[in-house]
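Following: one structure in structure tokens, then a few remarks.
A quick note: this is a predicted structure, and the numbers were derived from the prediction, not measured. Every heavy atom of this structure was used, including side-chain atoms; hydrogens, water molecules and symmetry mates were not.
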Amino acid sequence: MPELPEVEVVRRTLAPHLSGETVRRVEVRAERLREPLNEAVLNRDAAGRRIAGVRRRAKYLLVDLEPPTAAEAPTTLVLHLGMSGRLTVREAAGGQPPAPLPHEHLVVHLASGRVLSFCDPRRFGQAFTLPAADLDADPHFSHLGVEPLSDDFDGAHLRRAAAGRRGPVKPFLMDATVVVGVGNIYASEALFVAGIHPKRSVKRISAARWDRLARAVRQVLEDALAQGGTTLNDFADGDGNAGYFQVSLSVYGREGEPCPRCGQPVRRVVQAGRSTFYCAGCQT
DNA sequence: CGTAGACCCTGCGCGC
DNA sequence: TGCGCGCAGGGTCTAC
């Protein structure tokens, strides 16, 4: 479900509901996710703490938790939606916590009686805690590359990252050590906008093309963010991914349909086990 | 070293 | 109608 724009939309809709709340307790309903959920550790690091805010790094959501006493250190509740995760704030009903949802693996009970609910049918998501100071050094984060919407991301960055590497550009663009947050949808979309063939070797891309690609990545993500922001504004109230498919896509998922620019049928190929969509006329 | 492929898990839509 | 197959937006590990 989520790529970077969607995760950012979730962050923006959750943050006002969560900031200032206090975590009462964390309930693990199903611990068997990609990394097992540990209810005892989650409670040790989160229960009784006030939520200072919600940040994002790559596709991870970071819930900042204040120390309950000056002797303790800030912690962070890290959440990843995987392929099918949904985070919603749910209201208490008649003084009772809301009834369990299907695939609701984690429930963070808040002092107001509301809960932060994590549902994830495919169980590729993650939830764990860390001392806030250890985030950057943690193996989940230490290898991550630049944020695509930051000033550090441009054509020169891509060109430097590609030096000494081989292979096609599309999987390269999805390599989180190069740039984070570019998932399977927006990798295809950005290459279309930039006019670059997804199979083109990273060794055969000019500086001008790297510039164009970096601009395309930024544009595609920002456009999706703008559209997601307007169509997903009730996300936190439990309406999951309504509006997701309203984000206009040029080639992704459109095999056989006419290219919006030249009319040739959109093609699909599989690269590194993932579908890639492109126009053979517009992308070289 | 870097890259390609398998794998984690469940649900859905399609063709037969 | 029922069933099997392929496919799905992420990330990590292993084998080459």
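- For residues 119-145 of chain A, proximity to DNA chain C is found at R122(A), F124(A), H143(A), defined as any non-hydrogen atom under 4.0 angstrom from a strand atom.
- In this structure, E35(A) atom CD and dT12(C) atom C1' are separated by 9 Å, rounded to whole Å.
- Within 4.0 Å of R32(A), counting heavy atoms only, lie sugar-phosphate atoms of the nucleic acid but no base atom.
- Put simply, CG on L33(A) is 15 Å from C1' on dT12(C), counting in whole angstrom units.
- If you measure from atom CZ of R57(A) to atom C1' of dG11(C), you get 15 Å, rounded to the nearest angstrom.
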Nucleotide N/O of nucleotides 5-7 of chain C paired with protein N/O under 3.5 Å:
residue, atom, partner, partner atom, Å
dC7(C), OP1, R268(A), NH2, 3.3

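- Heavy-atom contacts from other residues, nucleotides or ligands closer than 6.0 Å to CD of E31(A) number 12 or fewer.
- Looking at every heavy atom in both residues, M174(A) comes nearest to A187(A) through CG-CB, 3.7 Å.
- With ring centers used as reference points, W210(A) lies 6.0 Å or more from F153(A).
- Comparing dA6(B) with dG6(C), their P atoms are spaced 13 Å from each other, to the whole Å.
- In this structure, R34(A) places its CZ atom 12 Å from P of dG10(C), rounding to the nearest Å.
- Counting only residues at least two apart or on different chains, the salt bridge (charged side-chain N to carboxylate O under 4.0 Å, His left out) pairs with a member in residues 258-271 of chain A are E255(A)-R268(A).
- Partners of E66(A) under the side chain to side chain donor-acceptor pair (under 3.5 Å) rule, at least two apart in sequence or in another chain, are R50(A).
- Residues V115(A) make up the rest of the hydrophobic cluster containing V107(A), defined by ILVMFWY side-chain heavy atoms closer than 4.5 Å, directly or through other members.
- DNA chain B contains the following stems of three or more consecutive Watson-Crick or G-U pairs, with both distances under 3.5 Å: B:2-8 with C:10-16, B:10-16 with C:2-8.
- V180(A) belongs to a hydrophobic cluster whose other members, connected by ILVMFWY side-chain contacts under 4.5 Å either directly or through intermediates, are Y60(A), L62(A), V78(A), F128(A), L130(A), L135(A), F141(A), L144(A).
- K170(A) pairs by the side chain to side chain donor-acceptor pair (under 3.5 Å) definition with N184(A), T276(A), not counting sequence neighbours.
- Annotation: proximity of residues 190-207 of chain A to DNA chain C (heavy atom, distance under 4.0 Å) is found for no residue.
- At a threshold of 4.0 Å, the pair E21(A)-R114(A) counts as salt-bridged, since one of the basic side-chain nitrogens sits closer than that to a carboxylate oxygen.
- Counting any heavy atom pair closer than 4.0 Å across all strands shown, G183(A) reaches sugar-phosphate atoms only and no base atom.
- Near DNA chain B, meaning a heavy atom under 4.0 Å away, the residues from residues 153-178 of chain A are R165(A), R166(A), P168(A).
- Residue pairs meeting the side-chain hydrogen bond (donor to acceptor under 3.5 Å, both in side chains) criterion with at least one partner in residues 129-155 of chain A, sequence neighbours excluded, are E35(A)-H140(A), D45(A)-T129(A), R56(A)-E147(A), R57(A)-E147(A), Q126(A)-H140(A), D138(A)-H140(A).
- In this structure, Y60(A) and N184(A) both approach DNA chain C, and ranking their closest nucleotides by distance from the 5' end singles out N184(A).
- Comment: R165(A) engages D175(A) in a salt bridge, judged by a side-chain N to carboxylate O separation of less than 4.0 angstrom.
- Where DNA chain B meets chain A (any atom under 4.0 Å from a heavy atom), the bounding nucleotides read 5' to 3' are dT3(B) to dG11(B).
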